[in-house]
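Okay, so here's the structure we're looking at.
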2 protein chains.
Amino acid sequence: MSPDPGLFETTRCLCLAVRRASRAITREFDQALRLHGLRATQFTLLSALHLGGSRSIGDLAEMLSADRTTLTRNLAVAEKHGWVTLRADRNDARSRIAAITTRGSRALEAALPTWRNAQQRLTETIGEQTAASLRKLAGGPCMMPLPEKPSANRKEKMR
Amino acid sequence: MSPDPGLFETTRCLCLAVRRASRAITREFDQALRLHGLRATQFTLLSALHLGGSRSIGDLAEMLSADRTTLTRNLAVAEKHGWVTLRADRNDARSRIAAITTRGSRALEAALPTWRNAQQRLTETIGEQTAASLRKLAGGPCMMPLPEKPSANRKEKMR
DNA sequence: GTTTCATATGTGTATATGCACCTAATTGCC
DNA sequence: GGCAATTAGGTGCATATACACATATGAAAC
């Protein structure tokens, strides 16, 4: 009648925890950003390109801890909306460089107050402590160029 | 040359943080569970049904903080693999009750050591503190019946 | 009992996510 | 220069996620 005791521990599954939290939080942000035609994923993508400058698909994937092929699809969506452009790297025909457009920057900046609001509300809900843990878990400021892979001042690959 | 200071704050986006963490952790668990033909989502689903007993789609969705329609698709996958069955609620023709099958329980239990391993490794990586924060963020033991919606001892809706 | 409202679910569409496999281009080595 | 190994990316497939809309059923009001 009582559940399998050998499985009770799975109620503490960290994968479940983070996925559950991710779903709930993403819904919140998606809902808020909806008014500006953006979703959390696209907001993040545009923000990364705006702040970090044009980057290759692979660099973006690494920066966001996402699979390279996921970025291919996400960028296709952004391109369809006219938020980014994709062009070949002049120094490496294999590589494609993503760049945010004026339209993309406008959409991003228009959504900024809404984002700030959602961020503020969530921070109050979960508390500064938990927020800090979450950022630490994600590995620090995600969208900033990491020391090992600097590229802030280059638009193209160095030779 | 330097990035827009009005957007720098978005590097602290909690939605990005939780999604980034979710992607990374899910990849870990998916990879590990792959040997047993399960993914994190399906593992969680089966675990919830095994521990909490048969439940309606809506109840499962609420328990996992997922959209109802998401559970419809997830359950369809589980059903296709023969891990769960879906039948009409005897007392409410609108409702469908999901139940784990013997095959589903076997798959779940076979994957348990692998899950335990991944859980252990991740806990060591992120530390007990962060792990606790994450669980708190997700809202406690997710798969246990909540007080407001008890259903541990019923297979069907009470009248 | 009928009308009306609320509830439980299914479907269409769009996006997000990642693995397996493929192609093209670059790099190293000789 | 030429070939092998590496690297960047695309595509097919499966799954995950959720909103808008539609349907069916139960419940409540009268």
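In what follows, chains are A, B, ... by sequence order, proteins preceding strands, each numbered from 1. For the numbers below, each heavy atom of this structure counts, side chains included, while hydrogens, waters and symmetry mates do not.
A donor and an acceptor atom never sit less than 3.5 Å apart when one is taken from the side chain of B:R94 and the other from the base of C:dT9. On a pure distance criterion of 3.5 Å, a polar donor-acceptor pair joins the side chain of A:R73 and the base of D:dG12.
The list of salt bridge (charged side-chain N to carboxylate O under 4.0 Å, His left out) pairs with a residue in residues 24-42 of chain A, not counting sequence neighbours, reads A:E28-A:R121.
Between its opening and closing five pairs, the helix from C:dG1-D:dC30 to C:dC30-D:dG1 changes axis direction by 10°, a value rounded to 10 degrees.
When each of B:T69 and A:T69 is assigned the nucleotide of DNA chain D bearing its nearest heavy atom, the one mapping closer to the 5' terminus is A:T69. With DNA chain C read from its 5' end, the first of the two nearest nucleotides for B:R68 and A:R68 is the one closest to B:R68. Comparing B:R34 and A:Q42, the nucleotide of DNA chain C nearest to each residue sits closer to the 5' end for A:Q42.
For the pair A:L16 CG and D:dA16 P, the computed distance is 14 Å after rounding to whole Å. What separates CZ of A:R19 from P of C:dT17 is a distance of 11 Å, to the nearest Å. Between the C1' atom of D:dA18 and the CG atom of B:L75 lies a distance of 15 Å, rounded to the nearest Å. Atoms CZ (B:R55) and C1' (C:dT9) sit 18 Å apart, rounded to a whole Å. Rounded to whole Å, atom P of C:dA8 lies 13 Å from atom CG of B:N91. In this structure, B:L71 places its CG atom 16 Å from C1' of C:dT11, rounding to the nearest Å. Rounded to whole Å, the distance from CZ on A:R96 to C1' on C:dT23 is 14 Å. One interatomic measurement links the two molecules: CZ of B:R39 to P of D:dA14, which rounds to 11 Å at whole-angstrom precision.
B:R23 and A:S65 form no side-chain donor-acceptor contact under 3.5 Å, judged by distance and modelled atom types alone.
Between A:H81 and C:dA14, a side-chain N or O to OP1/OP2 separation shorter than 4.0 Å is absent. Within the 4.0 Å cut-off from OP1 or OP2 of C:dA8, not a single side-chain nitrogen or oxygen of B:S56 is found. Neither OP1 nor OP2 of D:dA14 sits under 4.0 Å from any side-chain N or O of B:K80. Contact between the side-chain N/O atoms of A:T41 and the OP1/OP2 oxygens of C:dA16 is found at a separation under 4.0 Å. At the phosphate of C:dT17, OP1 or OP2 sits under 4.0 Å from a side-chain N or O atom of A:N74. Applying the 4.0 Å criterion to OP1 and OP2 of C:dG18, one finds that A:T70 has a side-chain N or O inside that range.
Contacts between residues 22-33 of chain A and DNA chain D, defined by a heavy-atom separation under 4.0 Å, are made by A:R23, A:R27.
Residue B:L64 is tested with B:D59, B:T44, B:N74 for a side chain to side chain contact (heavy atoms under 4.5 Å, CB included); the sole match is B:T44.
For the pair B:L38 and B:W115, the minimum side-chain heavy-atom distance is 4.5 Å or more.
With values rounded to the nearest 0.5 angstrom, A:I57 atom CD1 is found 8.5 Å from A:R68 atom CZ. To the nearest 0.5 Å, atom CG of residue B:N91 and atom CD1 of residue B:I97 are 9.0 Å apart. Atoms OG1 and NE2, on B:T10 and A:H50 in that order, are 9.0 Å from each other to the nearest 0.5 Å. A distance of 12.5 Å separates OG in A:S47 from CD in A:Q42, rounded to the nearest 0.5 Å.
Listed for the B:S56 side chain is no donor-acceptor partner under 3.5 Å among the backbone atoms of B:R96.
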